[in-house]
Amino acid sequence: MKKHYIMLLLLCVCTAMTAQTNTDQHQHQEDSTDVFFRHLKLNELVVTGVTGDTKLKNATAPISIVRPQELRATASTNIIDAITHLPGMAQLTTGSGISKPIIRGLGYNRVVVMSEGVRQEGQQWGDEHGVEVDGGSVNSVEILKGPASLMYGSDAMAGVVILHSQPAPAEGTMRANASTEYQTNNGLFGYSLSFAGNQKGFVWDARFSHKMAHAYKNKYDGYVPGSQFQERAGRLRLGLQKSWGHSWLTWTTYHLTPSIIEGERDEETGELLCSSPSPKSYSESLPFQQVKHYKLVWDNSVNLSSGMLKAIVGYQQNRRKEYEEDMDEYEAFFKLHTLTYDLRYLTHEWNGWKLSAGVGGMYQQSLNKGEEALIPEYRLFDFGIFATASQRLDRWTLNAGVRYDHRRVHSDEFIDEGELRFSDLQRHFNGVTGSIGAVWNVSDHLDLRLNVARGFRTPNLSELASNGVHEGSQRYEIGNGGLKAEYSLQADLGLDFTSQYVSAQLALFANRIDNYIFMHRLPEEVEEGYLTYAYTQGDARLLGFEAGIDVHPIHSLHFENTFSYVDARQLHQSDEHIKYLPYTPAPRWTSEVKWELAHHSHPTMGYHSHHTHHSKGLSADNLYVAAGLECYLAQHHIYSADDTETPTPSYTLVNLSAGTDLTWNGRKFAELYVTADNLLNRAYQNHLSRLKYSDINRVTGRQGVYNMGRNVTFKLVIPITL
C-alpha cells in the first residue's frame with residue numbers, strides 16, 4: 001500500500017509546484033471559488049423536481065444538486081453510493097456493489113428514482129436489489145427531499161432522486177469521452193466510453209460501460225466472499241432537436257452479476273466460508289444473482305407559444321435470476337414488465353404566474369419462471385392527475401398543487417405441491433395529496449423557505465403477499481394482505497444564508513405518517529435455518545434536521561461541516577423495545593478542509609478566462625487537495641423486539657482526496673482524481689448494512705460482516721471536443 005501513498009504525495013507536490021506560478025495572478029474579487037459567487041451561480045440552476053422548470057432559489061421544497069464535476073470527483077461503486085454523502089441522504093447496502101437510497105430515514109418504495117425521464121422500476125422492495133442504472137451515463141443528480149413533488153405520485157413519499165443524462169451537444173458539434181478508474185481494496189476496474197453529436201438537429205449519444213470487482217476486505221474479516229460483482233451497461237439515444245422542441249428514442253441495457261454474501265463461518269477458525277477458489281477472483285461464486293434491466297423511452301417535448309407540452313412513454317423489463325447450487329441452473333427467476341406514460345403541460349411565466357398540469361401512470365405484470373418464488377405473479381395498474389401553480393411577487397415565490405392517484409393490484413393464487421402458497425388477492429387504493437409552500441428571498445444573501453405537503457404510498461406486493469425464503473437476505477418473509485395505504489403530512493422549514501466568507505444552510509422537518517409499514521422479526525422459524533420476518537404497520541413520526549456551514553476565511557481555502565439527524569418513532573408505544581422505527585440512519589457529522597490551489601478557465605470548456613496567458617507544455621490547473629472526516633454517532637434508537645435490530649457503535653472515517661485538470665499549452669485534455677477513503681483502515685459496520693446481522697464469529701464473538709477497509713481510488717477522465 002505504501003506505493004499508493006507515495007503516488008498520491010507526488011501528485012500533490014508536483015501539481016502544486018506547477019500551479020504555483022499562476023496563483024499570484026488571482027484577483028480575489030473575481031475568484032469563482034468564493035462561496036458567495038459560487039452560491040449565486042448555483043442558485044441560477046434550473047431544477048425540475050417540484051413544479052417543472054424553475055430556478056433553485058425559487059424552489060419551496062428542499063432540493064440538493066450534485067453537479068457533473070462533483071460526480072466525476074467522487075469515488076464510489078455505484079450511482080447511489082456516489083450521492084449519499086449529501087446531508088439527509090443515506091444508503092442501505094449489501095456489500096460494496098448494491099446500494100438503495102434513503103432520504104431522511106425513509107427508503108425502499110418510498111423513494112422514486114427517475115432515469116431517462118421515467119421512474120426506474122425494478123425490485124425496490126428488496127434489501128439486496130440496487131438501482132439498475134449505469135453511473136457513467138449520469139451527468140448530474142437532483143434530489144428532492146419530502147413529498148412535495150406532485151408529478152410522481154405514489155411512492156414519492158420520502159422524495160425523488162432524478163438522474164439527469166448529459167444534455168445534447170450544441171448544433172454542429174460532436175464530443176467523445178473516455179473515463180477509467182481503479183480501486184485498491186476490491187480491485188475494482190471500470191471504464192466508460194461515449195460518443196455524441198448534433199448535426200443539423202439530428203442528435204445521437206452512444207455509451208458503453210464495464211466494471212468489475214473482486215471481494216473487498218477489511219481488518220476483521222479479511223476478504224469477504226461473495227462481495228465480487230461484474231457490471232456491463234450500454235446506452236443509445238437517437239432523435240431530433242429543433243427549434244420546435246425535441247423527439248428522441250433512448251435505449252439502455254444494464255447487466256449486473258453480483259455474488260451473494262452469506263456470511264457463514266468456520267466454527268473453529270471463525271473465517272468466512274468461501275466457494276471461490278481465490279478471494280481475488282472476478283468470477284461469480286455460488287450463490288449469485290444475474291440481473292438484467294432493459295429500457296426503451298420515447299421522449300417528446302414541443303415548444304408552444306404559451307408554454308411547453310411534454311410526452312414520455314417508457315417500457316422496462318427487469319429480469320432477476322438466483323443461482324444457489326448450480327452455475328447453470330437457476331432456482332428463482334423473477335421477470336417484471338413495466339409500461340409508464342406521462343403527459344404534462346407547463347406554461348411560460350406571465351405576470352409572475354406559472355402553471356402545470358398532467359396525467360401519468362404505469363402498468364406492470366410480473367412472472368415467476370423459477371422453482372422458487374417469494375411473491376406471487378401480479379398485475380398492477382395506476383394513474384394520477386395533477387395540477388400546480390406558482391407565482392412570483394417581487395422577493396416572494398408561492399407554490400401550490402393537488403394530485404389524485406388510483407392504483408389497483410391483482411395477484412394470482414398459487415398452489416405448491418398441494419399446499420396453498422399464495423392466495424388470490426385484489427386491492428384498490430385511492431389517494432389525494434397536495435402541497436403548499438413559499439420562498440422569501442430576503443436579500444441576495446438570505447432565503448427562507450416553508451413547505452407543507454401530504455404524501456401517499458400504497459403497499460407493494462412484497463409487503464402484501466410475500467411468503468417464502470428471500471435467498472439474498474437469508475430470511476423467510478411473510479406478507480400481510482390487509483395492509484392499508486400510508487399517508488404522510490410533512491412540514492419543512494429552511495434557511496439559506498450566504499456571504500463572501502460564509503455559507504450556511506439549515507433545514508428542519510417534521511413528518512407524521514399514518515399506517516407506516518415495516519418488517520419485524522418473529523420468535524419462531526417457519527423454515528429451519530432462516531430467520532422469519534413479517535410485515536406490520538402503525539402510526540409514526542419523524543423529526544430531524546440537516547445543517548451545514550462552509551467557512552471561507554482566506555483565498556481558496558474552504559472549511560465545510562454538515563450534520564444530519566433523524567429521530568423516527570412509533571406513536572402510542574411506551575415499550576422501549578418497539579417505540580423506534582427500524583433501520584433509521586445514525587446521526588452523521590462530516591467535516592472537510594479543502595484547498596483549491598489554482599482555478600483557471602479553459603477554451604475547451606467554453607469559458608472565457610481573465611488571464612492573459614497560459615502555461616506552455618504540460619501543466620496542472622484547478623488543483624485541489626482535501627482532508628475530511630465522516631463521524632457516525634452511535635445509534636441506540638432501534639426496534640429491538642425479538643432482535644429485529646441491534647445497536648451500532650459510533651465510528652469515524654478519515655478521507656483524503658486530490659484532483660486536477662491536466663492541460664497542454666493551456667488546453668485541458670484530462671481530469672485526474674485520487675481519493676483515499678477510510679485512510680486509517682477502521683473496522684466498522686454501518687447501521688444500515690444488511691451484513692451486520694449475518695453469523696457470529698465464535699472465535700472473536702463479533703457478529704456480522706464488516707464494511708470495506710482502506711480504499712484508494714484513481715480516476716482519469718478524458719473529454720474530447722470534435
Side-chain angles (χ1 to χ4, degrees), residues 40-63 65 67 114 116-118 139-140 142-144 148-153 156 160 162 164-171 198 201 203 239-248 250 297-314 341-360 384-404 433-441 444 447 449-451 453:
L40 291 180
K41 186 176 180 180
L42 179 63
N43 264 341
E44 294 303 312
L45 289 178
V46 174
V47 295
T48 60
V50 184
T51 56
D53 297 344
T54 186
K55 289 183 179 179
L56 182 61
K57 67 179 179 180
N58 297 326
T60 60
I63 296 179
I65 301 294
R67 289 170 289 180
M114 300 291 295
E116 306 294 352
V118 299
N139 182 61
S140 63
E142 184 180 328
I143 302 169
L144 173 68
S149 177
L150 299 173
M151 297 190 295
Y152 305 102
V160 183
I162 305 174
H164 292 290
S165 58
Q166 195 164 17
E171 168 70 37
N198 183 342
V203 297
L240 296 175
Q241 181 165 293
K242 299 285 189 176
S243 58
W244 51 261
H246 71 253
S247 177
W248 52 52
T250 304
V297 179
W298 186 25
D299 186 335
N300 302 273
S301 179
V302 179
N303 299 322
L304 305 176
S305 59
S306 59
M308 182 182 300
L309 182 65
K310 295 185 176 183
I312 303 178
V313 179
Y341 59 95
D342 182 90
L343 177 67
R344 66 185 62 171
Y345 174 71
L346 301 91
T347 68
H348 297 313
E349 183 174 324
W350 88 99
N351 295 328
W353 284 94
K354 287 185 70 175
L355 304 177
S356 66
V359 59
I385 184 170
F386 73 90
T388 67
S390 66
Q391 185 179 29
R392 216 161 36 87
L393 300 169
D394 192 22
R395 290 187 174 272
W396 285 85
T397 301
L398 307 177
N399 284 330
V402 64
R403 181 183 178 100
Y404 168 76
T433 56
S435 71
I436 184 170
V439 178
W440 180 23
N441 304 128
D444 289 341
D447 299 325
R449 310 172 194 274
L450 176 64
N451 199 89

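Along the sequence shown, residues are numbered consecutively beginning with 1.
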Heavy-atom closest contact ([X] atom, [Y] atom, distance):
X	Y	answer
Y345	G307	OH-N, 3.7 Å
V203	W248	CG2-CE3, 4.0 Å
E116	T250	OE1-CG2, 3.6 Å
Q241	A168	OE1-CB, 3.6 Å
P167	N139	CD-ND2, 3.9 Å

Could you list the residues that satisfy side chain to side chain donor-acceptor pair (under 3.5 Å) with [X], not counting sequence neighbours?
X	result
Q391	none
T347	none
S301	none
D342	R344

A side-chain contact here means heavy atoms from C-beta on lying under 4.5 Å apart; do [X] and [Y] qualify?
X	Y	result
E142	I65	yes
S435	N451	yes
L304	L309	yes
R449	T60	no
T433	L150	yes
N441	N58	yes

Euclidean distance, [Y] [atom2] relative to [X] [atom1], rounded to 0.5 Å:
X	Y	atom1	atom2	result
D299	S247	CG	OG	8.0 Å
R67	H164	CZ	NE2	14.0 Å
L355	E349	CG	CD	11.0 Å
T397	R392	OG1	CZ	6.5 Å
N351	L393	CG	CG	10.5 Å

Next on the checklist: Looking at W440, I want to see if its CH2 is surrounded by more than 12 non-hydrogen atoms of other residues, nucleotides or ligands under 6.0 Å.
Outcome noted: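 Open.
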
Checklist entry - Do side-chain atoms of N198 reach the backbone of P169 as a donor and acceptor pair under 3.5 angstrom? => result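 Yes: the side chain of N198 pairs with the backbone of P169.
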
Checklist entry - Is the backbone N or O of S243 less than 3.5 Å from a side-chain atom of N303, with the two atoms forming a donor-acceptor pair by type? => result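 At least one qualifying donor-acceptor pair exists.
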
Next on the checklist: Once side-chain contact (heavy atoms from CB on, under 4.5 Å) is applied, do any residues pair with A156, and if so which ones, sequence neighbours excluded?
Outcome noted: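 Only V112, Y152, V160 meet the side-chain contact (heavy atoms from CB on, under 4.5 Å) criterion with A156.
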
Item to check | Set of residues satisfying side-chain contact (heavy atoms from CB on, under 4.5 Å) with respect to L450, sequence neighbours excluded | outcome: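 L493.
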
Checklist entry - Does the pair V118 and I312 meet the rule for a side chain to side chain contact (heavy atoms under 4.5 Å, CB included), with working shown? => result CA-CA 8 Å; V118 299; I312 303 178; 3.6 Å; yes

Checklist entry - Passes side chain to side chain contact (heavy atoms under 4.5 Å, CB included), L346 versus K354? Steps please. => result CA-CA 7 Å; L346 301 91; K354 287 185 70 175; over 6 Å; no

